[in-house]
Novice: 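My questions will all concern the structure given below.
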Amino acid sequence: SHLLLTEPAPLAASQDDSTNDGSLRTLLTLCDLLNRELLVLIGWAKQIPGFSALSLVDQMSLLQSGWMEALLVGVAWRSQASAGEELVFARNLQLDEAQCRAAGLADLYEALRHLTSRYQAMNLSPEEVVTLKAMALANSDAEPVDCPDSVQRFQDGLHEALQEYESSRREQHRAGRLLMSLPLLRQTADRAVQAFLRLHRHRRVPLHKLLLEMLDAKA
Amino acid sequence: KEKHKILHQLLQNST
């Protein structure tokens, strides 16, 4: 219930109007949205029970390692409801396959649709989504870790919450199924990071400083 | 750490 309460309201995209090139405009709008989502994500992380007890170094490591996974849980969750096969980055930024392809994000589209249909098939509850998001951050396999015991305690707290929630619903296999979906999330996030790095390096799409800093940490 | 100064600053802000 704490995670449900601290879940930030979805952001709206602010349309970039610095260029007439439609697909570049889409990219710039998307990158601006991502940058603002990152800011919100960092504020959100501090509110997860146990996160602020970690050393500053470990907080940084977990975020640098797990930010894309945590953000993509949100995108995949929002995209489930989309009737057409769009990716719902925001209510006012929904991209279909053709738009993603035109923007050079065909690979990201495919990866995210795959994740979305996996979540759809699992019929996740809001409680499961917020827990999955927090676990993605806690389980990000950041290296090096300053205090492994504290990170372990942070993970254990979330795992315990998930198990308690599922046993209250008498769902014996759900916690395990959720954990078994984490590898696909990791894979999807890796592909997303590569896609944005490509945009920046090969197509010289300008990125905001925070987004660039977080992508660089993964490069 | 110098490389990640924005994240560092954001985490240090108390709010």
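Chain letters run A, B, ... following the sequence lines, proteins first, then strands; residues in each count from 1. Note that this is a predicted model, so its numbers are computed, not measured.
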Novice: If you count heavy atoms of other groups shown closer than 6.0 angstrom to NE2 of A:His114, is the number above 12?
Specialist: no
Novice: For A:Glu160, is the CD atom crowded, meaning more than 12 foreign heavy atoms sit under 6.0 Å from it?
Specialist: no
Novice: Counting only non-hydrogen atoms closer than 4.5 Å, does A:Leu210 touch chain B with its backbone (N, CA, C, O), its side chain (CB onward), both, or neither?
Specialist: both
Novice: Can you say whether A:Leu39 sits under 4.5 Å from chain B via the side chain, the backbone, both, or neither, judging by heavy atoms?
Specialist: side chain
Novice: What do you reckon, is CG of A:Asp21 surrounded by more than 12 foreign heavy atoms closer than 6.0 Å?
Specialist: yes
Novice: Is any side-chain heavy atom of B:Asn13 less than 4.5 Å from a side-chain heavy atom of A:Lys46?
Specialist: yes
Novice: Determine whether a donor-acceptor pair (N or O, by modelled atom type, separation under 3.5 Å) exists between the side chain of A:Gln59 and the backbone of B:Leu11.
Specialist: no
Novice: Rounded to the nearest 0.5 Å, what separates atom CE in A:Met60 from atom CG in B:Leu10?
Specialist: 10.0 Å
Novice: Crowded around A:Arg191 CZ? As in, over 12 foreign heavy atoms under 6.0 Å?
Specialist: yes
Novice: How many angstroms lie between atom CD1 of B:Ile6 and atom CD of A:Glu213, to the nearest 0.5 angstrom?
Specialist: 4.5 Å
